Number of protein chains: 2
Amino acid sequence: MANPYNTVHTHKPTPHANGASCLDRLFVKQPVEHLASGQSLFFEGDDAKHVFQVVEGTLRVFRIISGGRRVITGFLDAGDIVGVSLRGRYLYSAEAITPSVVKRLARRQFDAAVASDEGLRPVIFARVCDEMAAAQDQMVLLSSKSAEERLCTFLVKYLRRNTVPGCTIIELPMTRLDIADYLGLTIETVSRTVTKLANKGILGFENPGLRHTIRIERPGMLAQLTGDGDDHEDLPGDLLALREPRRH
Amino acid sequence: MANPYNTVHTHKPTPHANGASCLDRLFVKQPVEHLASGQSLFFEGDDAKHVFQVVEGTLRVFRIISGGRRVITGFLDAGDIVGVSLRGRYLYSAEAITPSVVKRLARRQFDAAVASDEGLRPVIFARVCDEMAAAQDQMVLLSSKSAEERLCTFLVKYLRRNTVPGCTIIELPMTRLDIADYLGLTIETVSRTVTKLANKGILGFENPGLRHTIRIERPGMLAQLTGDGDDHEDLPGDLLALREPRRH
DNA sequence: CGAAAGGTTGAATCGATTCAATAAACGTGG
DNA sequence: CCACGTTTATTGAATCGATTCAACCTTTCG
């Protein structure tokens, strides 16, 4: 039974019943592998022979395009699965940002497991959905958000994904260059924007000079600045009425 | 058996054995539905109760973000499947650009078919892969390509997807605004860029004044200008090591 | 025909980039 | 442990590409 799920790298999904443990079962017997900072897990174009689970650390997922420009399409953290293939080849490279620990599963085994385990499919499904949604969001961000909106979006999502609710301290494992390449900006613009947000009192630094650890002072304000209009903007009442209802 | 495949809209894949007919079987008995120009197929947030196959015409797939800005994430043509869901809801809206014909299949039926038909899975798999790859490409485009590179990329891909090999005439069903919202530009920039390419002799218009029909005069030149570096740039052997991490 | 929609073009503006200089943190070896 | 070079980050000034605002033109269609 062919398996289609290992197409994309999949983020740790929004919390759900027992997906994690379900997935963990797949990898529990695999030996751990250690990656030093900067070490590559695989390269774009490599034969996609394995699916990986991140146990610890943070990785960047990126493509190098002509002119040496780098585009980071996502970051991977503990719990994330990456085992992307298109026609058997990885669509991008992945490398460790921090010292990391991963487990590896041969694609054949992964396929077999998904084929035979009914309970596994919805878990993978959810991750593919999340991945697709993330790609959509990223396209929106890159299409039409300002530098400030991009950075705020990044911080809000990072806060939601990588800290417990209520926590307002972000330890960024990635450099400004990583952030820039992820947000479609330059390091200078990222730096300036961080400074601007700090001056506005929206965020601050735990330790002056150690600017990798950020404290969000005004989470609500930060959310406002994402440009996602989570707040109810007053729209003309007839907007919905004007939209033609689905027909047939 | 839960089915994960209807997560994303899937483009007509690069040519392959019998995928189309395989998919067609699914829809062959469904009645056709007609959409007028501008008519919506579904809205972002709607219950994703159906999967659609485009029989004829072109549709745009988009999200409206705060401030009324619109981001088009893709176009759909004959043969494409769209049946997107995340947690049961469409991630975006879809509406007809030209008068279009679609077929509809209840998601339950679609799921059942994919579950029971072994031959169908790889076909759907290939489409999900294509969709993911397209999303990646779009992120690269939006992250770091100039207006000219974006337009050339769009035209090259359109040529490849929607015409027979060797054909150099493009009839664009979408407006400049559609193109702009797809490429993350303004209509003015799209217009200017088209004019600039025409002045360079890279493309021309079939009929003066009818600027929806474009003839590509220099396909090779167009490909060069996509910024994808498909051409082998002479790089020293240890290219990855030497490439300076150029900023943007 | 005349209005509306879509498209082009010009001039001014703006946000982000580029270039450049400085500063702070890190890692290595003495 | 400190010195010193390397990497990473910040900040300023000039520049550039795309946007915005505005005018005008073309095609479409009631």
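Proteins come first, then strands; the chains are lettered A, B, ... in the order of their sequence lines, and each starts at number 1. Note that this is a predicted model, so its numbers are computed, not measured.
The nearest whole Å value for the distance from the CZ atom in Arg69(A) to the C1' atom in dA16(C) is 15 Å. The separation between Glu148(B) atom CD and dA18(D) atom P is 9 Å, rounded to whole Å. Distance NZ (Lys196(B)) to P (dG7(C)): 20 Å, rounded to an integer number of Å. Spacing between atom CG of Asn207(B) and atom C1' of dG7(C) amounts to 15 Å, rounded to whole angstrom units. Atom CZ in Arg176(B) sits about 14 Å away from atom C1' in dC25(D), given to the nearest Å. One can place CG of Asn199(A) at 12 Å from C1' of dT10(D), the figure rounded to the nearest angstrom. Lys145(A) has its NZ atom 14 Å from the P atom of dA16(C), to the nearest Å. Atom CD of Glu206(A) and atom P of dA25(C) are 15 Å apart (whole Å).
Using a cutoff of 4.0 Å between basic side-chain nitrogens and carboxylate oxygens, Glu148(B) and Arg150(B) are not scored as salt-bridged. Between Arg161(B) and Asp80(B) there is a salt bridge, since a side-chain N of the basic residue sits under 4.0 Å from a carboxylate O of the acidic one.
Dashed line: the shortest gap from a side-chain N or O of His212(A) to OP1 or OP2 of dA25(C) is not under 4.0 Å. OP1 and OP2 of dA24(C) both lie 4.0 Å or more from every side-chain N or O belonging to Arg211(A).
The line from CG of Leu155(B) to CD1 of Ile170(B) is 5.0 Å long, rounded to the nearest 0.5 Å. Rounding to the nearest 0.5 Å places OG of Ser66(B) at 10.5 Å from CD of Gln224(A).
Residue whose closest nucleotide on DNA chain C sits further toward the 5' end, between Leu210(A) and Ala147(A): Ala147(A).
The two atoms that bring Thr168(A) and Pro219(A) nearest to each other are CG2-CG, 4.1 Å, heavy atoms only. Closest of all the heavy-atom pairs between Tyr90(A) and Lys49(A) is OH-N, 3.7 Å.
The nucleotide whose nearest atom lies closest to any side-chain atom of Thr175(B) is, among dG7(C), dA18(D), dA9(D), dG7(C). Nearest nucleotide to the Arg192(B) side chain, out of dA9(D), dG7(C), dT19(D): dT19(D).
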Kindly list each side-chain donor-acceptor pair under 3.5 angstrom involving residues 36-43 of chain A, sequence neighbours excluded, with atom names and distances?
{"residue": "Ser37(A)", "atom": "OG", "partner": "Ile97(A)", "partner atom": "O", "Å": "3.3"}
{"residue": "Gln39(A)", "atom": "OE1", "partner": "Ala36(A)", "partner atom": "N", "Å": "2.8"}
{"residue": "Ser40(A)", "atom": "OG", "partner": "Glu95(A)", "partner atom": "OE1", "Å": "3.4"}

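Residue Glu33(A) qualifies as enclosed at atom CD: its count of foreign heavy atoms under 6.0 Å is above 12.
DNA chain D is contacted by Gly184(B), Leu185(B), Thr186(B), Glu188(B), Thr189(B) of residues 183-191 of chain B, taking any non-hydrogen atom closer than 4.0 Å.
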### Task
Give the intermediate values and the outcome of salt bridge (charged side-chain N to carboxylate O under 4.0 Å, His left out) for residues Asp228(B) and Lys157(B).
CA-CA 12 Å; Asp228(B) 285 338; Lys157(B) 286 172 76 171; over 6 Å; no
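Inter-axis angle, ends of the helix from dC1(C)-dG30(D) to dG30(C)-dC1(D), five pairs per end, rounded to 10 degrees: 40°.
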